[in-house]
Amino acid sequence: MKIKKILKKIFVIEGDVRAENFHLEVIVFVIFLLWGFYFLGSVPSPQDRLAGSDSFLHNINLIFHEAGHILFMVFGNRFLTVLGGSLMQCLIPLIVMIYFLRKRKNFSASIMFWWLGQNFVDLAPYVYDAHDQAIILLGGGTGRDMPGYHDWRYLLTAMNLLPHYSKVAFLVNVFGKIILLLSFIWSAGVLHKKFLFLKSKR
């Protein structure tokens, strides 16, 4: 019953549905759908290490990532400070998504859900790089050049998961892709309900 209630809530459409807004949202949906397929094709591997991180969105995510380090620094715990970067870049789209849900703007919320999935895909190459530390980080060097500077090298080592870095990166990547696929379904479902609503008004 709870799942049914949640589904009903996230697919509800706002009362004032206008044709011009609907058409604009369809265009936005197509853009994010095609863009999402690009991220669905990314693989955090040695051959394609930066796949998913060469989008301009990576630079936007990076702003929130670095802000997260500063914000979580107040807890006085190194693990939380380091984790705070990756955590913050995922929390921002989640917080905005919840905001739109509360405003009953479910299409906008579904796009934020898409951004959440993209952030996990964006993080996966960084997680994978914990072993080789070949990605150029802020400051111009790699993790090998600056010992202790690579977030996920430190995090996985602290959790005794460094030997399983590729599996962790794989899971992060897959989790992000699942969210992306669910966001497509969510967006399409909301647009379908709006289409039926507008059709009934003719």
Colleague: Applying side-chain hydrogen bond (donor to acceptor under 3.5 Å, both in side chains) to N61 and W115, what does each step give before you reach the verdict?
Modeller: CA-CA 10 Å; N61 297 337; W115 187 21; 2.9 Å; yes
Colleague: Check whether any side-chain heavy atom of F11 lies under 4.5 Å from a side-chain heavy atom of W186, and answer yes or no.
Modeller: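 They are in contact (side-chain heavy atoms under 4.5 Å apart), so the answer is yes.
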Colleague: Enter the distance from M88:CE to L94:CG here, rounded to the nearest 0.5 Å.
Modeller: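 The distance works out to 11.5 Å.
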Colleague: Could you tell me whether the side chain of N106 reaches within less than 4.5 Å of the side chain of K193, counting heavy atoms only?
Modeller: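 No, side chains not in contact.
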Colleague: What closest approach, in Å, do G84 and F72 show between heavy atoms, and which atom pair accounts for it?
Modeller: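 Closest heavy-atom pair between G84 and F72: CA-CD1, 3.5 Å.
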Colleague: Does CZ in F79 sit with more than 12 non-hydrogen atoms of other residues, nucleotides or ligands closer than 6.0 Å?
Modeller: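 Check passes, neighbour count above 12.
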Colleague: Taking all non-hydrogen atoms of both residues into account, name the closest pair between S110 and S187 and its distance.
Modeller: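 Heavy-atom minimum between the residues: OG-OG, 2.7 Å.
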Colleague: Identify the heavy atoms of N77 and L80 that sit nearest to each other, and give their distance.
Modeller: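 Heavy-atom minimum between the residues: OD1-N, 3.0 Å.
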Colleague: Take W35 and F56 through the test ring-ring contact (aromatic ring centres under 6.0 Å, His included) and record every step on the way to the result.
Modeller: CA-CA 12 Å; W35 201 4; F56 82 90; 5.6 Å; yes
Colleague: How far apart are the closest heavy atoms of N160 and P163, and which atoms are they?
Modeller: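 Answer, listing the atom of N160 first, then P163: O-CD, 4.2 Å.
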Colleague: Counting C-beta onward and ignoring hydrogens, is there a side-chain heavy-atom pair between F64 and N119 closer than 4.5 Å?
Modeller: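 Sidechains of N119 and F64: no contact.
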Colleague: Minimum heavy-atom separation for G143 to L137, with atom names?
Modeller: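 Reported closest heavy-atom pair: N-CD1, 3.9 Å.
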Colleague: Check for me, please, whether L191 and F37 land in the same ILVMFWY cluster - side-chain distances under 4.5 Å, paths through other members count.
Modeller: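 They do share one cluster, since a chain of ILVMFWY contacts under 4.5 Å joins L191 to F37.
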Colleague: Examine I136 and Y126 and state if one hydrophobic cluster contains both, with Ile, Leu, Val, Met, Phe, Trp and Tyr joined whenever side-chain heavy atoms are less than 4.5 Å apart.
Modeller: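 As far as the 4.5 Å side-chain criterion goes, Y126 and I136 are not connected within one cluster.
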Colleague: Using a 3.5 Å distance criterion without hydrogens, assess whether the side chain of R153 forms a donor-acceptor pair with backbone atoms of G148.
Modeller: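 No, R153 side chain to G148 backbone: no donor-acceptor pair under 3.5 Å.
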Colleague: Taking the side chain as every heavy atom from C-beta outward, state whether Y128 and N173 have any atom pair closer than 4.5 Å.
Modeller: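 No, side chains not in contact.
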Colleague: Rounded to the nearest 0.5 Å, how far apart are CG of L101 and NZ of K103?
Modeller: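 With rounding to 0.5 Å, CG (L101) is 12.5 Å from NZ (K103).
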Colleague: Side chains of I185 and L181, heavy atoms from C-beta outward: is any pair under 4.5 Å?
Modeller: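 No; the side chains remain at least 4.5 Å from each other.
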Colleague: With K194, which residues qualify under salt bridge (charged side-chain N to carboxylate O under 4.0 Å, His left out), at least two apart?
Modeller: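 Per chain and number, K194 pairs via salt bridge (charged side-chain N to carboxylate O under 4.0 Å, His left out) with E14, E25.
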Colleague: Considering only heavy atoms from C-beta outward, does the side chain of I70 approach that of E66 to under 4.5 Å?
Modeller: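 Side-chain contact under 4.5 Å: no.
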Colleague: Between D122 and H58 (side chain of the first, backbone of the second, donor and acceptor by atom type, cut-off under 3.5 Å), is there such a pair?
Modeller: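 Checked: no pair found.
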Colleague: Are F197 and F195 linked, directly or through intermediate hydrophobic residues, by side-chain heavy-atom contacts shorter than 4.5 Å (ILVMFWY only)?
Modeller: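 The answer is yes; both residues are in one hydrophobic cluster.
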Colleague: Tell me if a side-chain donor or acceptor on Y149 pairs with a main-chain N or O of G139 at a distance below 3.5 Å.
Modeller: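 Looks like no, no N/O pair under 3.5 Å.
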Colleague: Answer yes or no: is there a side-chain heavy-atom contact under 4.5 Å between D129 and W152?
Modeller: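 Heavy-atom side-chain distance check fails, nothing below 4.5 Å.
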Colleague: Check the hydrophobic clustering (I, L, V, M, F, W, Y; side-chain heavy atoms under 4.5 Å; chains of links allowed) and say if I111 and V12 are grouped together.
Modeller: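 Not linked; separate clusters.
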Colleague: Mind checking the CD-CE spacing from Q118 to M112? Nearest 0.5 Å is all I need.
Modeller: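 Q118 atom CD to M112 atom CE measures 11.0 Å (nearest 0.5 Å).
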Colleague: Mind checking what makes side-chain hydrogen bond (donor to acceptor under 3.5 Å, both in side chains) contact with T142, not counting sequence neighbours?
Modeller: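 Applying side-chain hydrogen bond (donor to acceptor under 3.5 Å, both in side chains) to T142 gives D145.
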Colleague: When the ring planes of Y165 and H131 are compared, do they come out parallel, tilted or perpendicular, using 30° and 60° as the limits?
Modeller: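 Ring orientation of Y165 relative to H131: parallel.
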Colleague: Using 0.5 Å steps for rounding, measure from the CD1 atom of I63 to the CD1 atom of I92.
Modeller: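 Taking CD1 in I63 and CD1 in I92, the distance rounds to 11.0 Å.
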Colleague: Within a strict 4.5 Å, meaning less than it, do heavy atoms of the E20 and L24 side chains meet?
Modeller: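 The answer is no; the side chains never approach within 4.5 Å.
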Colleague: Ignoring hydrogens and angles, tell me if any N or O in the side chain of S86 forms a donor-acceptor pair with the backbone of L83 under 3.5 Å.
Modeller: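 No.
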Colleague: Any sub-3.5 Å donor-acceptor pair from H23's side-chain atoms to A19's backbone N or O?
Modeller: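 Checking the backbone N and O of A19 against the side chain of H23, a donor-acceptor pair under 3.5 Å is found.
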Colleague: Calculate, to the nearest 0.5 Å, the distance between atoms CG and CG belonging to N59 and L62 respectively.
Modeller: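 Interatomic distance, N59 CG to L62 CG, rounded to 0.5 Å: 6.5 Å.
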Colleague: Can you hop from F120 to M159 via hydrophobic side chains spaced under 4.5 Å?
Modeller: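 Yes, it is one cluster - the side chains of F120 and M159 are joined through contacts under 4.5 Å.
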Colleague: With a 6.0 Å cut-off on the ring centroids, do F113 and F32 count as close?
Modeller: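 No.
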Colleague: Which heavy-atom pair separates C90 from L123 by the least distance, and what is that distance?
Modeller: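 Where C90 meets L123 most closely, the heavy atoms are SG-CD1, 3.8 Å.
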Colleague: Quick one, F39 with W114, criterion side-chain contact (heavy atoms from CB on, under 4.5 Å). Give me CA distance, side-chain angles, the key distance, then yes/no.
Modeller: CA-CA 11 Å; F39 291 114; W114 180 98; 3.8 Å; yes
